[in-house]
Amino acid sequence: MLSNKVHSLLFVLILASCSSLQVTSTWVKPAAKGHDYSRIMVIGIIRDADRSLREQMENHLAEDLSSMGFPAYSSLAVYGPEGFTGMDSLAAYTKLMNDHVDAVLTITLLDKKKEKYYVPGKAAYAPYASHQARFWNYYSTMSGRIEGAYFEVSTKYFWESNFYSLQNRELLFSLQTKAFDPVSTRQLGHEYGQVIANTLVKNELLLRKNSPTKVL
């Protein structure tokens, strides 16, 4: 019989295979126990130039967790883009604890690559001897059938999310993913939020006291 963690990994792989998002690595602290956290802060570690992407990722992950019954909030919405700028660890922990935050879930954009690749031209070929026998016949016939060569740009995103308990300041969970040419940042944020939220629940790192867990 498969263990809960094996079931969790299979679930994540199946979910990721249906989208542009692929899970590349998952780590769960051995013997980690779930907790009914009162306030989870979602913090995007994404450069300021990608502010809109950070907003999408934080909002979707916070909304997905909230829809499952776990109180989660976007740090960008709560603290603004400079919420932790210039702080040391003590100041940051104090700020979070004063706001009754007892868990932090980070979203880090490890890398974003744009790769230009060549798409060769194609020809609709019909081997008619009369068209090939003379240059102009061939030229005039085939020039209308050529689909010109061009370049396309592929965008790849590499993400990492860590889940920390602020009660003991321990890392409980880490997951790495990559995404290829998502249709939109909105779709990317929604897919990412579902993968992270469901993985945390499947590994029983998030628990609710009064109602059964709803899986997206």
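Positions are given from 1, in the same order as the sequence printed here.
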Checklist entry - How many angstroms lie between OG1 in Thr24 and CG in Leu175, if you round to the nearest 0.5 Å? => result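 CG of Leu175 is found 7.0 Å from OG1 of Thr24.
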Item to check | Reported CG-to-CD1 distance for the pair Asp102 and Ile40, which is rounded to 0.5 angstrom | outcome: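 CD1 of Ile40 is found 7.5 Å from CG of Asp102.
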Are [X] and [Y] connected in the hydrophobic side-chain network, where two residues link if heavy atoms are under 4.5 Å apart?
| X | Y | result |
| --- | --- | --- |
| Leu109 | Met57 | yes |
| Val101 | Leu61 | no |
| Trp159 | Leu172 | yes |
| Phe158 | Ile46 | no |
| Leu110 | Ile45 | no |

How close do [X] and [Y] get, counting heavy atoms only, and between which atoms?
| X | Y | value |
| --- | --- | --- |
| Leu21 | Tyr192 | CD2-CA, 3.7 Å |
| Leu166 | Ala103 | CG-N, 4.1 Å |
| Val42 | Ala72 | CG2-CB, 4.4 Å |
| Ala32 | Leu205 | CB-CD2, 3.8 Å |
| Ser74 | Ala62 | N-CB, 4.0 Å |

Item to check | Derivation and outcome, salt bridge (Lys or Arg N to Asp or Glu O under 4.0 Å), residues Lys112 and Asp50 | outcome: CA-CA 10 Å; Lys112 177 182 176 182; Asp50 290 316; 3.6 Å; yes
Next on the checklist: side-chain contact (heavy atoms from CB on, under 4.5 Å) for Leu200 and Phe70? Distances and angles first, verdict last.
Outcome noted: CA-CA 11 Å; Leu200 286 169; Phe70 306 108; over 6 Å; no
Is [X] reaching over with its side chain to a backbone N or O of [Y], donor-acceptor style, under 3.5 angstrom?
| X | Y | answer |
| --- | --- | --- |
| Asn203 | Thr199 | yes |
| Ser161 | Thr106 | yes |
| Asp64 | Gln194 | yes |
| Asn162 | Ser174 | no |
| Ser66 | Pro71 | no |
| Gln22 | Thr177 | no |

Minimum side-chain heavy-atom gap [X]-[Y] below 4.5 Å:
| X | Y | answer |
| --- | --- | --- |
| Glu191 | His60 | no |
| Val104 | Ile43 | yes |
| Val201 | Leu207 | no |
| Lys95 | Met87 | yes |

Checklist entry - Is the shortest side-chain N to carboxylate O distance from Arg54 to Glu58 below 4.0 Å? => result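 Between Glu58 and Arg54 there is a salt bridge, with a charged N closer than 4.0 Å to a carboxylate O.
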Item to check | Trace of the side-chain contact (heavy atoms from CB on, under 4.5 Å) decision for Leu96 with Met41 | outcome: CA-CA 8 Å; Leu96 291 167; Met41 190 61 63; 4.3 Å; yes
Next on the checklist: Is the distance from the ring center of Trp27 to that of Phe173 below 6.0 Å?
Outcome noted: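 No, they do not, as the ring centres are separated by 6.0 Å or more.
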Checklist entry - Quick one: does NZ or CZ of Arg39 land under 6.0 Å from the six-membered ring centre of Tyr73, within 45 degrees of the ring axis? => result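 Yes, Arg39 sits over the ring of Tyr73.
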Checklist entry - Can you name the ring-ring contact (aromatic ring centres under 6.0 Å, His included) partners of Phe163, sequence neighbours left out? => result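 Phe163: ring-ring contact (aromatic ring centres under 6.0 Å, His included) contacts with Tyr37.
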Item to check | Check against side-chain contact (heavy atoms from CB on, under 4.5 Å), Glu204 and Lys33 | outcome: CA-CA 7 Å; Glu204 300 181 345; Lys33 295 182 179 180; over 6 Å; no
Item to check | Evaluation steps, side-chain hydrogen bond (donor to acceptor under 3.5 Å, both in side chains), between Gln56 and His190 | outcome: CA-CA 8 Å; Gln56 290 281 356; His190 182 60; over 6 Å; no
Name every donor-acceptor pair, under 3.5 Å, that has one atom in a side chain of residues 78-85 and the other anywhere in the protein, sequence neighbours excluded.
unit_1 : atom_1 : unit_2 : atom_2 : d
Tyr79  : OH     : Asp99  : OD2    : 2.6
Glu82  : OE1    : Thr85  : OG1    : 2.7

